[in-house]
Trainee: 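My structure is below; once you've seen it, I'll send some questions.
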Amino acid sequence: MTSSARRVRGRQSPGRLLLDEISPYTWGLIGLLAVASAYGSYDSLSDAYGDRHLGQVPLAAPSVVAIWASFELLWRRTALPLAQRLFIACILTPLPSVIISTVVWVAFGASGYGQDLITSTSEGIYDHYYWPRDARGLAAAPLMFFGGWGVAGFMGLMSLLVVVLPVKAFLATREVMDGTRLDPAAATSAAVVRIAFGAMSIGTLSAISWAAGGPAALTLGLLVVTVALLGWAAATAVKLPRR
């Protein structure tokens, strides 16, 4: 981090620094998704079979925010170091959307109108797709809150591992190396960082392929490439000069 960035951090409060991490575009996205979540919550009341899928919007909205905030790291710079910004993008930035989704979901489900609509549309079937008997009204709050927040954090992390950090390692190598003991002026140090983050991306794709039941040859090939790249990066890094 540059000395000017450190001076800015020293003058601003932690709350101000945190709010600066959420761009106006992100706030706009949160607002649009809030409207979509409200409509999706309303639509879920009468969608007993889950055919229209709009009821999934409140759960998906925080993930959209987390993915967008993660990608913003590619072109947007602030006073905070990258390590802190990664945490904020994945965990804290989606939180307003999580709260909004939870509030509108519970408000519709707990209202008298909502409960009557859920009951009338689920007659004759085992249970309502979006509003099962044991998760109606206020009981749905912790499921929506922690479910939406957890999925958002996971999607943000996947965006960072697969796309954002490997790309940033090439476009902003010094920023990625900030906080390490490697000399940013050394060309080999930059190559090690780029290869390591590229291997991280390939390794994550290998894990996704395995978890999704992808072709064994593809999964094994990605894993072999990952191990080879990390091995080269580790062997080279131990010989590099330190700061």
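The basis for the numbers below is simple: all heavy atoms, side chains too, and nothing from hydrogens, waters or symmetry mates.
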Trainee: Any side-chain to backbone donor/acceptor pair from Ser120 onto Leu117? Under 3.5 Å, distance only.
Mentor: yes
Trainee: Does Phe197 offer a backbone N or O that forms a donor-acceptor pair with the side chain of Ser201 under 3.5 Å?
Mentor: no
Trainee: Membership question, hydrophobic clusters at under 4.5 Å side-chain separation (ILVMFWY): are Leu59 and Val103 in the same one?
Mentor: no
Trainee: Looking at side-chain heavy atoms only, is the closest gap between Arg85 and Glu175 below 4.5 Å?
Mentor: yes
Trainee: So, Ser159 and Ser70: side-chain donor and acceptor under 3.5 Å apart, yes or no?
Mentor: no
Trainee: Taking the six-membered ring for Trp, are His128 and Tyr130 parallel (under 30°), tilted (30 to 60°) or perpendicular (over 60°)?
Mentor: tilted
Trainee: Would you say the side chain of Leu45 lies within less than 4.5 Å of the side chain of Gln115, judging by non-hydrogen atoms?
Mentor: no
Trainee: Could you pull out the closest heavy-atom pair between Leu86 and Leu165, with the gap in Å?
Mentor: CD2-CD2, 4.0 Å
Trainee: With side-chain hydrogen bond (donor to acceptor under 3.5 Å, both in side chains) as the test, would you mind laying out the steps for Trp105 and Ser37 before giving the verdict?
Mentor: CA-CA 8 Å; Trp105 185 264; Ser37 295; over 6 Å; no
Trainee: Answer yes or no: is there a side-chain heavy-atom contact under 4.5 Å between Arg76 and Thr78?
Mentor: yes
Trainee: Rounded to the nearest 0.5 Å, what's the gap from OG on Ser101 to CZ on Phe145? Could you check?
Mentor: 11.0 Å
Trainee: Side chains of Thr26 and Ser23: donor-acceptor distance under 3.5 Å anywhere?
Mentor: yes
Trainee: Minimum heavy-atom separation for Ser63 and Met155, please, with both atom names.
Mentor: OG-CG, 3.8 Å
Trainee: Between atom OG1 of Thr204 and atom CG of Leu161, what is the distance when rounded to the nearest 0.5 Å?
Mentor: 4.0 Å
Trainee: Got a donor-acceptor contact below 3.5 angstrom from the Trp210 side chain to the Thr219 backbone?
Mentor: no
Trainee: For residues Phe71 and Val162: do they belong to one hydrophobic cluster (side chain heavy atoms under 4.5 Å, members Ile, Leu, Val, Met, Phe, Trp, Tyr)?
Mentor: yes
Trainee: Would a 4.5 Å heavy-atom cut-off, applied to side chains only, mark Tyr39 and Val35 as touching?
Mentor: no
Trainee: Stepwise, does the side-chain hydrogen bond (donor to acceptor under 3.5 Å, both in side chains) test hold for Ser46 with Arg52?
Mentor: CA-CA 10 Å; Ser46 60; Arg52 295 192 294 269; 2.9 Å; yes
Trainee: If you compare all heavy atoms of Ala169 against all heavy atoms of Arg194, which two are closest, and at what distance to 0.1 Å?
Mentor: O-CG, 3.2 Å
Trainee: Is there a side-chain contact between Tyr42 and Leu54 in this structure, where contact means two heavy atoms from C-beta onward sitting under 4.5 Å apart?
Mentor: no
Trainee: Check the pair Leu92, Phe87 against side-chain contact (heavy atoms from CB on, under 4.5 Å), reporting the backbone distance first and the verdict last.
Mentor: CA-CA 7 Å; Leu92 298 184; Phe87 175 80; 3.9 Å; yes
Trainee: Determine whether Phe170 and Met200 fall in the same hydrophobic cluster, where Ile, Leu, Val, Met, Phe, Trp and Tyr are linked whenever their side-chain heavy atoms lie under 4.5 Å apart.
Mentor: no
Trainee: Distance from Ser209 atom OG to Ile202 atom CD1, nearest 0.5 Å?
Mentor: 13.0 Å
Trainee: Are Leu33 and Tyr25 connected in the hydrophobic side-chain network, where two residues link if heavy atoms are under 4.5 Å apart?
Mentor: yes
Trainee: Could you tell me whether the side chain of Val192 reaches within less than 4.5 Å of the side chain of Trp232, counting heavy atoms only?
Mentor: yes
Trainee: If you round to the nearest 0.5 Å, how far is OH of Tyr113 from CZ of Phe108?
Mentor: 9.0 Å
Trainee: Hey, does Leu82 have a side-chain heavy atom less than 4.5 Å from the side chain of Lys168?
Mentor: yes
Trainee: Salt bridge check, Asp127 against Arg136: does any charged N sit closer than 4.0 Å to a carboxylate O?
Mentor: yes
Trainee: Take Thr226 and Leu205, measure what side-chain contact (heavy atoms from CB on, under 4.5 Å) needs, and give me the verdict at the end.
Mentor: CA-CA 10 Å; Thr226 300; Leu205 291 175; over 6 Å; no
Trainee: Of the non-hydrogen atoms in Gln84 and Leu80, which two are nearest, and what is the gap between them?
Mentor: OE1-CD2, 3.4 Å
Trainee: In Å, rounded to the nearest 0.5 Å, how long is the span from CD1 of Ile99 to CE of Met144?
Mentor: 14.0 Å
Trainee: If Ile, Leu, Val, Met, Phe, Trp and Tyr residues are connected whenever their side-chain heavy atoms lie under 4.5 Å apart, and connections chain through other members, are Leu218 and Val225 in the same group?
Mentor: yes
Trainee: At what distance, to the nearest 0.5 angstrom, does CD1 of Ile30 lie from CG of Leu95?
Mentor: 9.5 Å
Trainee: Between Ala196 and Leu230, which heavy-atom pair has the shortest distance, and what is it?
Mentor: O-CD2, 4.2 Å
Trainee: Can you name the nearest heavy-atom pair linking Ala69 to Thr93, along with the distance?
Mentor: CB-CG2, 3.8 Å
